Amino acid sequence: MFKISKRSFTQKLVKTALGVAAFSTLTAFADEPFKIGLILPMTGQAASTGKQVEAGVRLYMAQNSGKIAGRNVELIVKDDTGLPDVTKRIAQEMVVNDKVDVLAGFGLTPLALATAPIATQSKTPLVVMAAATSSITLASPYIIRTSFALPQAAVTMGDWAAKNGIKKAVTLVSDYGPGIDAEKFFRERLLLNGGQIMEAMRVPLRNADFAPFLQKVRDLKPEALFVFVPSGQGTQVMKQFAERGLDKTGIKLIGTGDVTDDDLLNGIGDVSLGMVTSHHYSVTHKSAVNQKFVEAFEKANNKMRPNFMAVAGYDGTRVIYEALKATKGKAGGDALLAAMKGQIFESPRGPMFIDAQTRDVVHNMYIRKVEKINGEYFNTEFETIKDVKDPGKTQ
Ligand code: PHB
């Protein structure tokens with residue numbers, strides 16, 4: 001008789017111990033902050049991207065302060081100076097030492113690709129808020145993207161160019177992932193519509209000098225020059241276009257919206273007028289959500305204009321917050337990742353969806369034209385192509 005009760009006593013003790021342990025894990029994660037490790041180029045050639053993404057992240061956090069499912073959200077920001085080895089080392093430190101729940105940021109494609117294995121090994125969701133080469137999301141099953149995929153913009157521009165009578169074009173792109181995507185997908189669409197690429201030029205990413213390439217464009221006399229350079233380099237290519245007198249030759253300047261970055265347009269000035277580009281965000285996008293976003297962003301950032309990088313930071317933070325709400329505060333890579341997939345909401349860019357299959361963003365593409373309104377330069381949207389998936393994933 002005593003034996004039995006002794007056994008059940010032990011069982012009870014074990015049960016109680018398990019219960020206490022379970023309870024303390026519950027309270028442990030409720031007490032611990034949820035950590036976002038944001039890695040961005042805050043210095044160097046891509047510093048404007050870092051500044052914009054960080055400001056977007058901080059705005060979302062300021063507008064949604066307080067606890068998420070009982071947990072404080074902590075942001076750790078580190079500058080990778082735009083170098084992949086540095087991004088990777090910081091990510092490793094953030095995962096191992098800081099024990100971040102999510103990695104985010106990634107200002108350039110090589111920085112995202114260098115970090116992908118760390119996300120996979122540690123099962124940490126990695127939210128790409130800037131880089132845009134199509135293949136990035138294939139580098140780890142833990143990657144989610146809230147920026148865009150270059151083929152979305154390039155295909156849209158290729159279709160528009162062909163429909164608008166452009167038969168002979170030259171392409172000029174930065175010589176790395178997103179530039180090669182832009183060149184390939186623009187070319188495919190133009191050819192499909194009976195057009196021709198006279199020459200495909202690739203310019204080094206670092207310390208780019210566009211002058212010799214633009215001289216060649218002048219000699220080739222295409223109907224249009226299609227350009228992709230990453231956010232931050234648009235001023236240089238546009239100014240050199242004007243310096244070489246190409247704006248007087250009748251060669252149409254077209255490209256992806258990275259070139260006529262909202263952030264830079266006022267500094268670029270008249271040479272940008274009339275340039276047609278395709279992209280997913282313009283500061284003048286007409287919606288109540290965007291109007292509120294732009295007002296709040298400019299107020300919080302000393303009148304700095306948000307560009308598409310800021311929006312991706314803002315939306316990426318929303319995806320993280322909503323996932324944490326859905327898991328009721330439980331982090332853990334797989335649960336959080338699952339809650340990020342399939343999110344659908346209205347972004348300042350328009351409707352936006354994280355495709356659960358590809359973990360990539362599906363959103364509208366807009367054809368825009370640079371206009372001067374009350375002394376300021378803007379990308380005015382005049383055509384919408386709805387719910388564009390990355391064409392790079394469907395081939
Ligand atoms: C990239 O490196 O993937 C990248 C950076 C800036 C852009 C677009 C793509 O504007």
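Order of appearance sets the numbers: ligands from 1, and atoms from 1 within every ligand. This one's a predicted model, so the numbers in the text were calculated from it and none came from an experiment.
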Participant: Tell me whether the NZ or CZ atom of Arg305 lies within the 45° cone about the ring axis of Phe378 and under 6.0 Å from its centre.
Facilitator: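 Yes, Arg305 sits over the ring of Phe378.
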Participant: Measure from the side-chain N and O atoms of Asp261 to the backbone N and O of Asp263, and report whether any donor-acceptor pair falls under 3.5 Å.
Facilitator: yes
Participant: What residue and heavy atom of the protein are closest to atom 6 (C) of ligand 1, and at what distance?
Facilitator: Pro230 CB, 3.4 Å
Participant: What do you reckon, is NZ of Lys369 surrounded by more than 12 foreign heavy atoms closer than 6.0 Å?
Facilitator: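 It does not: Lys369 NZ has 12 such atoms or fewer within range.
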Participant: Which of the numbered atoms in ligand 1 are below 4.0 angstrom from a heavy atom of Thr109?
Facilitator: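 Counting atoms of ligand 1 from 1, those under 4.0 Å from Thr109 are 1 (C), 2 (O), 3 (O).
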Participant: Please could you name the atoms of ligand 1 that Phe308 approaches to less than 4.0 Å, counting only its heavy atoms?
Facilitator: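 Listed by number with element, the hits are 10 (O).
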Participant: Going by the side-chain hydrogen bond (donor to acceptor under 3.5 Å, both in side chains) test, name the single residue among Thr124, Asp334, Thr120 that passes it with Tyr142.
Facilitator: Asp334
Participant: Based purely on interatomic distance, does Ala132 place a nitrogen or oxygen under 3.5 Å from a nitrogen or oxygen of ligand 1?
Facilitator: yes
Participant: Please write down residue, atom name and distance for the protein heavy atom closest to atom 8 (C) of ligand 1.
Facilitator: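 Checked against all protein heavy atoms, atom 8 (C) of ligand 1 sits closest to Asp258 OD2, 3.3 Å.
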Participant: Verify the ring-centre separation between His280 and Phe308: is it less than 6.0 angstrom?
Facilitator: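 Centroid distance Phe308-His280: below 6.0 Å, so yes.
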Participant: Heavy atom of Ala46 under 4.0 Å from ligand 1?
Facilitator: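 Judged by the 4.0 Å heavy-atom criterion, Ala46 does not count as contacting ligand 1.
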Participant: Is ligand 1 under 4.0 Å from a heavy atom in the side chain of Phe106, in the backbone, in both, or in neither?
Facilitator: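 None of Phe106 does.
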Participant: Relative to the heavy atoms of Ala131, which atoms of ligand 1 are at a distance of less than 4.0 Å?
Facilitator: 1 (C), 3 (O)
Participant: In this structure, is the centre-to-centre distance between the rings of His279 and Phe148 below 6.0 Å?
Facilitator: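 That pair passes the under 6.0 Å test.
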Participant: For Arg318, look at atom CZ and say whether over 12 heavy atoms of other residues, nucleotides or ligands are found less than 6.0 Å away.
Facilitator: yes
Participant: If the cut-off is 4.0 Å to any non-hydrogen atom of Ser231, which atoms of ligand 1 fall inside it?
Facilitator: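 Answer for ligand 1: 6 (C), 7 (C), 10 (O).
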Participant: Which of the atoms of ligand 1 are close to Gly107, meaning less than 4.0 Å from one of its heavy atoms?
Facilitator: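 The atoms of ligand 1 under 4.0 Å from a heavy atom of Gly107 are 5 (C).
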Participant: Can you sort out which atoms of ligand 1 are near Met309, meaning under 4.0 Å from one of its heavy atoms?
Facilitator: 6 (C), 7 (C), 10 (O)
Participant: Applying the side-chain hydrogen bond (donor to acceptor under 3.5 Å, both in side chains) test to Asp262, which of Asn307, Asn379, Thr284 qualifies?
Facilitator: Asn379
Participant: Which heavy atom of the protein is the closest neighbour of atom 4 (C) of ligand 1, given with residue, atom name and distance?
Facilitator: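 Sorting protein heavy atoms by distance from atom 4 (C) of ligand 1 puts Tyr176 OH, 3.5 Å first.
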